[in-house]
Amino acid sequence: MRNKRNVIFVAGPTAVGKTKYAIEIARAVHGEIVSADSMQIYRYMDIGSAKPTKEELAQVKHYLVDEIDPRDEFSAAEYQTLAKRYIEKIFQDGKTPVVSGGTGLYLNSLLFDMDFSVMPKQAQFRKQLEAEAEQYGPEYVHNRLKVLDQAAAERIHPNNLKKVIRAIEVFEATGEGIREFRESFVPTKDYGCILIGLNRDREELYRRIDERVDLLIKAGLVQEIESLLEKGLTEDNISMKGIGYKEIIAYLNDSYDFQEAVRLVKRNTRHYAKRQLTWLRRYEKMHWFNLTEFETEEKALSAISDTIRSEAVRGE
RNA sequence: GCCCAGAUAGCUCAGUAGGUAGAGCAGUAGACUGAAAAUCUACGUGUCCUUGGUUCAAUUCCGAGUCUGGGCA
């Protein structure tokens, strides 16, 4: 049997049931899972990121879950390097990589030949630009970008300060404009990609989100966050910007009461799920499965398996 | 039974000195190249409770009714 080098991607909004399905799919294809989740990658953040349970992790080998210290700064560029390394290793072992997750930029870094090598961020410069925005308003910083990189300034909204700053950063360091997403929409040649998209009727998805948030609270989210704060984490750490974390920290800092914190976690998770769907809809090669429409999990899984099999054959 | 207040968007409510209405929240759509669970952009919907009157014109003023709060019996 030839080595077909196909990577199976299992994507979908939060709370759709990715974890469970990815494990079943991985078992079916003799695979191992590479997570594409920007929060589950951090250690000690088990409850709030809805990590797979110990039992689930024991069923199939998982990579990039629980690997980074939440005090460290992590980025999409580092993710790409690590994930590609693991994918290669899984191929070497004669197994099939199953990428599972809902972080769009991370998925892009594996699906397309995105080149992050241009330059790392420059904390100092960033702070300076942030201060300028604070003082003179975001328009002022946007005007700076306009002088340097007209094209980038046109497509980045002045209010989107983070992206404006990053574009200036890149230009200052390289003398070139920041690359546009469309330009690099070139599928990677490193392996074949089979895209499986999981979705559910909106109503059901939102209900699952609300239920899961209640469950996370019951499971001890607040205690988990208190112990993270004891480790020295603060609201300024990137890892603490995750949904569930930032709202509970604000509650612990007396910004609002507990009920309000829970309400915001639910709402922000719903908004996030919606944004994920927007991102995922752009993938033309995605095979979508609306889990609401399947009577049983088995039926859904067998439909998914059929699709994977026929895609794998086509890719040969 | 009587008195008072309210009834307007999915929710909470504002408003129209009479010319068929708008905020917040919720919702929907979109963007995205080293923070991405981040960050940013755009967009609805209305028997203005029912009914009679006054008026060129009533969601708005007046009367009656219904419902919902609160008070008095």
Side-chain angles (χ1 to χ4, degrees), chain A residues 13-15 18 35-42 45 48-51 68 70 72-82 101-123 125-127 129-130 133 138 142 149 151-152 154-171 173-174 176-186 202-203 205-206 209-210 212-213 216 235-249 260 263-282:
Chain A
T14 184
K18 279 193 302 294
S35 168
D37 186 300
S38 64
M39 288 294 142
Q40 294 183 4
I41 198 164
Y42 291 115
M45 294 170 55
S49 74
K51 256 180 220 169
I68 305 294
D72 291 342
E73 299 228 324
F74 191 71
S75 71
E78 287 165 79
Y79 173 80
Q80 186 188 41
T81 308
L82 293 175
T103 300
L105 187 58
Y106 288 10
L107 293 172
N108 270 19
S109 78
L110 300 180
L111 253 10
F112 307 103
D113 281 328
M114 291 178 71
D115 181 7
F116 287 108
S117 67
V118 240
M119 62 148 285
K121 68 167 192 181
Q122 303 197 330
F125 190 43
R126 239 179 227 196
K127 278 216 180 85
L129 290 170
E130 274 164 13
H142 189 254
D149 184 351
E154 267 167 28
R155 67 171 195 273
I156 302 173
H157 194 280
N159 288 349
N160 205 344
L161 191 61
K162 272 189 192 180
K163 291 202 164 110
V164 173
I165 288 179
R166 167 101 266 252
I168 294 175
E169 219 173 67
V170 169
F171 194 91
T174 65
E176 284 172 38
I178 190 165
R179 246 161 298 184
E180 197 174 347
F181 183 72
R182 287 204 308 269
E183 287 171 12
S184 62
F185 224 62
V186 182
R202 196 58 65 90
E203 222 174 292
L205 184 65
Y206 283 3
I209 286 171
D210 289 348
R212 192 171 77 180
V213 171
L216 299 183
E235 59 195 344
D236 294 326
N237 287 92
I238 293 168
S239 57
M240 291 297 106
K241 308 268 192 211
I243 297 168
Y245 293 91
K246 60 170 184 270
E247 296 85 355
I248 299 290
I249 289 175
E260 175 67 359
R263 203 199 109 235
L264 289 173
V265 173
K266 288 178 179 174
R267 184 199 64 182
N268 291 343
T269 307
R270 290 195 295 267
H271 287 176
Y272 171 53
K274 218 180 132 304
R275 260 179 282 131
Q276 288 178 298
L277 256 1
T278 298
W279 185 292
L280 265 16
R281 272 196 283 257
R282 280 192 308 198

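Just so we're on the same page: letters track the sequence lines, and every chain starts at 1.
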Can you give me the N/O atom pairs linking the protein to nucleotides 9-13 of chain B at distances under 3.5 Å, or say none if there are none?
none

Tabulate protein N/O versus nucleotide N/O from nucleotides 28-31 of chain B, keeping only pairs under 3.5 Å, one per line.
{"from": "B:U28", "atom 1": "OP1", "to": "A:Arg202", "atom 2": "NH1", "distance (Å)": "3.0"}
{"from": "B:U28", "atom 1": "OP1", "to": "A:Tyr206", "atom 2": "OH", "distance (Å)": "3.2"}
{"from": "B:U28", "atom 1": "OP2", "to": "A:Tyr206", "atom 2": "OH", "distance (Å)": "2.8"}
{"from": "B:A29", "atom 1": "OP2", "to": "A:Arg202", "atom 2": "NH1", "distance (Å)": "3.2"}
{"from": "B:A29", "atom 1": "OP2", "to": "A:Lys274", "atom 2": "NZ", "distance (Å)": "3.4"}
{"from": "B:A29", "atom 1": "N7", "to": "A:Lys274", "atom 2": "NZ", "distance (Å)": "2.8"}
{"from": "B:G30", "atom 1": "OP2", "to": "A:Thr278", "atom 2": "OG1", "distance (Å)": "3.4"}
{"from": "B:G30", "atom 1": "OP2", "to": "A:Arg281", "atom 2": "NH2", "distance (Å)": "2.7"}

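When heavy atoms are screened at a 4.0 angstrom cut-off, A:Gly244 is found touching no nucleic acid atom at all. Using a 4.0 Å heavy-atom distance criterion, A:Ser49 is classed as a base contact.
Comparing B:U33, B:A35, B:G34 against the side chain of A:Met114 picks out B:U33 as the nearest.
Residues meeting the side chain to side chain donor-acceptor pair (under 3.5 Å) test with A:Glu78, sequence neighbours left out: A:Ser75. The side chain to side chain donor-acceptor pair (under 3.5 Å) check on A:Asn268 picks up A:Glu247, with sequence neighbours excluded. Annotation: side chain to side chain contact (heavy atoms under 4.5 Å, CB included) contacts of A:Arg212 (sequence neighbours excluded): A:Thr14, A:Ala15, A:Ala50, A:Leu216. Applying the salt bridge (charged side-chain N to carboxylate O under 4.0 Å, His left out) test to A:Asp210 and every residue at least two apart in sequence or in another chain returns A:Arg270. Listed by chain and number, the residues in a side chain to side chain contact (heavy atoms under 4.5 Å, CB included) with A:Pro70 are A:Tyr42, A:Arg43, A:Tyr44, A:Met45, A:Leu228, A:Leu233, A:Ser239 (sequence neighbours excluded). Qualifying salt bridge (charged side-chain N to carboxylate O under 4.0 Å, His left out) partners for A:Glu260, counting only residues two or more places apart in sequence or in other chains: A:Arg263. Every residue was checked against the side chain to side chain donor-acceptor pair (under 3.5 Å) condition with A:Lys241, not counting sequence neighbours, and none meets it. The side chain to side chain donor-acceptor pair (under 3.5 Å) check on A:Tyr245 picks up A:Glu224, with sequence neighbours excluded.
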Subject >> Dot-bracket summary - RNA chain B, pairs being Watson-Crick or G-U whose distances fall under 3.5 Å, with | when paired to another strand >> reply: (((((((..((((.....[..)))).(((((.......))))).....(((((..]....)))))))))))).
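Taking only side-chain nitrogens and oxygens, A:Tyr106 comes nearer than 4.0 Å to OP1 or OP2 of B:A36.
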